[in-house]
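As a basis for the values below, the full set of heavy atoms in this structure was taken, side chains included, without hydrogen atoms, waters or symmetry mates. One-based numbering along the sequence shown.
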Amino acid sequence: KRAATCSREDDPDKARRRFVRAWLFHGCSSNLAPKILQQGFNRSFCGKHANFFGKGVYFARDASYSTYPLYCEPDAKGSQTVFLVRVVTGEFCRGIKNALTPDLRNAAKNQ
């Protein structure tokens with residue numbers, strides 16, 4: 001996906017420096033894991049747990065954050081479901097609570 005994203009930019013070399021790949025964690029309910037495995041991370045699955053910056057897919061640098069019970073409910077046996085995934089990070093915008101999609105990004109202000 002990084003290559004596809006970069007190829008759409010005016011300057012692909014500059015885009016490769018801006019879009020960074022990182023290993024990040026994502027915690028979820030055990031009943032969502034099969035859906036994520038089959039369909040990938042999808043905003044339509046989101047919104048049940050903390051969505052302070054909008055209804056989206058949230059990733060964390062540290063597994064301890066993703067395994068916090070608010071974000072990753074333990075199942076009946078006390079087990080939690082956490083994915084370790086390679087994510088392309090790059091441009092961002094300021095999040096809005098309960099927003100369904102990201103707001104338009106103001107590149108001049110980097111918001």
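Without hydrogens or angle criteria, Thr67 side chain to Ser64 main chain gives a donor-acceptor distance under 3.5 Å. Remark: side-chain polar atoms of Glu73 are not paired, donor with acceptor, to backbone N or O of Ser29 under 3.5 angstrom. Of the possible donor and acceptor atoms, one in the side chain of Asp75 sits under 3.5 Å from a partner among the backbone N and O of Lys77.
Shown here for Cys72 and Cys28, the closest heavy-atom pair between the two residues is SG-O, 3.6 Å. The two atoms that bring His26 and Phe41 nearest to each other are CD2-CE2, 3.3 Å, heavy atoms only. When every heavy atom of Arg61 is checked against every heavy atom of Leu24, the shortest pair comes out as CA-CD2, 3.8 Å.
Taken to the nearest 0.5 Å, the OH atom of Tyr58 stands 9.0 Å off from the OH atom of Tyr65.
Applying the ring pair (Phe, Tyr, Trp, His ring centres under 6.0 Å) test to Phe25 and every residue at least two apart in sequence or in another chain returns nothing. Residues satisfying the side-chain contact (heavy atoms from CB on, under 4.5 Å) test with Ala33, not counting sequence neighbours, are Thr81, Phe83. For Tyr68, there are no side chain to side chain donor-acceptor pair (under 3.5 Å) partners at least two apart in sequence or on another chain.
Val82 and Ile36 are members of different hydrophobic clusters when ILVMFWY side chains are connected at heavy-atom separations under 4.5 Å.
Side-chain atoms of Val85 and Phe59, non-hydrogen and from C-beta on, do get closer than 4.5 Å to each other.
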